[in-house]
Protein chains: 2
Amino acid sequence: MQRVTIAQVAERAGVSTATVSRVLSGRGPVSAGVQRKVRRAAEDLGYQVNSIARALRNSRTDTVGMVVPSISNPFFTSLVESVEHALGREGKELFLCDARSDPEIEARRLATLVARSVDGIIVSPSHGTLSGAAVQETADRLPLVQLDRFVGGTSTDWVGVDDVAAMRQVMDHLHAGGARSAAFVGSLLTNSSTEQRFAGFRRRAEELGIAVDPGHLLLGDYSVDWGETAAARLFAAGGTPPDAVVCADDLIALGVTRACRAHGVDVPGRVQVTGYDNIEFARLSEPALTTVDQPRERIAAEAVRLLAAAAAAGGSGGGGGEGRGPSAHIALVPSLVVRDSTRAGA
Amino acid sequence: MQRVTIAQVAERAGVSTATVSRVLSGRGPVSAGVQRKVRRAAEDLGYQVNSIARALRNSRTDTVGMVVPSISNPFFTSLVESVEHALGREGKELFLCDARSDPEIEARRLATLVARSVDGIIVSPSHGTLSGAAVQETADRLPLVQLDRFVGGTSTDWVGVDDVAAMRQVMDHLHAGGARSAAFVGSLLTNSSTEQRFAGFRRRAEELGIAVDPGHLLLGDYSVDWGETAAARLFAAGGTPPDAVVCADDLIALGVTRACRAHGVDVPGRVQVTGYDNIEFARLSEPALTTVDQPRERIAAEAVRLLAAAAAAGGSGGGGGEGRGPSAHIALVPSLVVRDSTRAGA
DNA sequence: GTGAAAGCGCTAACAG
DNA sequence: CTGTTAGCGCTTTCAC
């Protein structure tokens, strides 16, 4: 099965390849008659552009690369969906890569995307520092936007939510529900999400006079398993359990509520639990999770917009030294979704 | 930021572009000394291959395209992970597309992948008939393997599980747990998964003498919402609810158990519930779901193997008329995972 | 309005 | 062992 080329279409239509190209890409003046002939010939032969050749010629692939820490985390898949959606409106494709939460794999993926000449890259870096070098290097070569998470010491655009503001809402809600002490369960402080959320948690807890036992800061990873483990630790015999458990994401919160069920700890009666992200399964757990809803569609739309702007403003780097002005940091305000894992305010 | 080309490396190393190419792609004999010089130069300049140019020249992209019905279904994302993993071992990349369960979008995605000259395509067709034309057309141009779901009337390789055998296990287990009547909740019979699972359900129910009320066959879509809706219907006042609810996938089953909880129907006391796929959340629901575990890693590995074989056997078509022998249909046997949503056998 | 021709970056003959 | 050269399929000046 040989692929049909522009040359064959040209021959069949009795014109030059230049004309065929003009017709098919809709650029340049071609008489109506010739147009029809060419289209006809292309149709008959089942012609399809060879986007590789086109890309080589145009040095544009109409493809955007996206790298996420984990494709099995529903939050990221929904973010991917939103980005794909937003890109579709611009006639661009998405090339998706999973970094498996490993900065090395992530670096390789980024390099691959550069080699493939994608038009731009959207990345949610898996590590707050170790991802830095690769992200910066990539950003020096291509338009790049960080999404959700970001990495320190780089000068690229970023879109995400205001974690600190979100945590303020969470803590206020828990406080209104009677919480006077709280625990925080997150991942190791090696990515911006956890860092920011933890910072927001700690600050507002202090302001509200909510007690935080140093032993009640449990850092592991973003997984249900870790949530279960952490909860088991919190409610182990001996210590004094907190009134509330604030989780850095929904997966952890799902694990925590599950462990509470298993250990006969009433949620929200004995302890209130909150998540973050509002993944679909958050509403399905028993009890349904109170969580922070991230405006994915808007995050995605902004990211795509920034990427387009960067591309228009001239090939490389998002912000830093050359070219465009300083990089944009867009923090959207998320909203609290109150369900059954917390107590309604007084 | 101009990209470094092979020519610049050649100049810096004082050799020809051909030599550089030979060194960098590891083909052809080059003296050790020159090798070092070239690598050095490439390193200094930060050279990276332009895979677009390479692809145009080689007509090989080392990229495989994958199209799934829905990237937000955890089963498919885990399949994607497995496939990516398997491809990684062959030094190939994955280009992932989401068809949003729409055969038209699916057809466009397939066309795009062809235009992009991927080396092969792995697709789980969203529709049992409407996906047919596009899949066949694509298979005529490129090596293609169907995964999990398949479409009728095509002649391509396929890898998945034996749904009928799986359903036999499910029904036997329910029967042993005392079920004498059962309902089936699935998607519309427009994809092979539901079709096969339904066929398996119906056949074994008959053989075991399990009663199936015609009103207890509920077909909607693969979603939690539909599961909830269906369950509400089954337990609505008036009818006689079944002893067991067999669901065509875990999302549906999650919805069903949730609705049961909401309506105070005891699972598995009053009604047993089973899922299919064994997604991560299956074990988290209350009660944890009994379900069918699909051997994703093996499915993925087989698919990649078949694709490689097809590619080796000569460019196009998976099986059909020309070239290779008849197409392979590989049905792996899945295993039942018994948890708390069913009653242990007598 | 249309054609001829150059060239994107790379690799594979073919010479030497 | 290494260099020269042609050309993958497409777009785009530059002539006519």
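Proteins get letters first, then strands, A, B, ... in listed order; numbering begins at 1 in each.
Residue A:Ile6 contributes atom CD1, which lies 13 Å from atom P of D:dC8 at whole-angstrom precision. Taking atom CZ on A:Arg60 and atom P on D:dC10, their separation rounds to 16 Å, with Å as the unit. Taking atom CD on B:Gln35 and atom P on D:dC1, their separation rounds to 10 Å, with Å as the unit. Spacing between atom CZ of A:Arg116 and atom C1' of C:dG9 amounts to 15 Å, rounded to whole angstrom units. Distance, B:Leu24 CG to C:dA12 P: 13 Å, rounded to whole Å. Spacing between atom NZ of B:Lys37 and atom C1' of D:dT2 amounts to 11 Å, rounded to whole angstrom units.
No side-chain N or O of A:Ser117 forms a donor-acceptor pair with one of A:Arg60 less than 3.5 Å apart. Checking B:Ser126 against B:Arg149 by side-chain atom types alone, no donor-acceptor pair falls below 3.5 Å. Side-chain contact annotation: A:Ser25 with A:Arg54, donor-acceptor N/O pair under 3.5 Å absent.
The side chain of B:Asn58 has C:dT11 as its nearest neighbour among D:dT2, D:dT12, C:dT11. With C:dC10, D:dT2, C:dA4 as the candidates, the nucleotide lying closest to the side chain of B:Arg22 is D:dT2. When distances are taken from the side chain of B:Arg57 to each of C:dG3, D:dG3, C:dG9, the shortest belongs to C:dG9.
B:Ser21 comes within contact range of at least one nucleobase, with a heavy-atom separation under 4.0 Å. At the heavy-atom level, A:Arg27 lies under 4.0 Å from the strands shown only through sugar-phosphate atoms.
The side chain of B:Thr19 contributes no N or O atom lying less than 4.0 Å from OP1 or OP2 of D:dT2. In this model, the phosphate group of D:dG3 is not approached by any side-chain N or O of B:Thr17 to a distance below 4.0 Å at OP1 or OP2.
Salt bridge annotation for B:Lys37-B:Glu11: absent, with no cationic side-chain nitrogen under 4.0 angstrom from a carboxylate oxygen. Checked for salt-bridge contact, A:Arg298 and A:Glu302 meet the test: a charged N lies under 4.0 Å from a carboxylate O.
Residue A:Gln48 holds its CD atom at 5.0 Å from CZ of B:Arg141, rounded to the nearest 0.5 Å.
Proximity of residues 43-56 of chain A to DNA chain C (heavy atom under 4.0 angstrom from any strand atom) is restricted to A:Leu56.
The shortest side-chain heavy-atom distance between B:Trp158 and B:Ser327 does not fall under the 4.5 Å cut-off.
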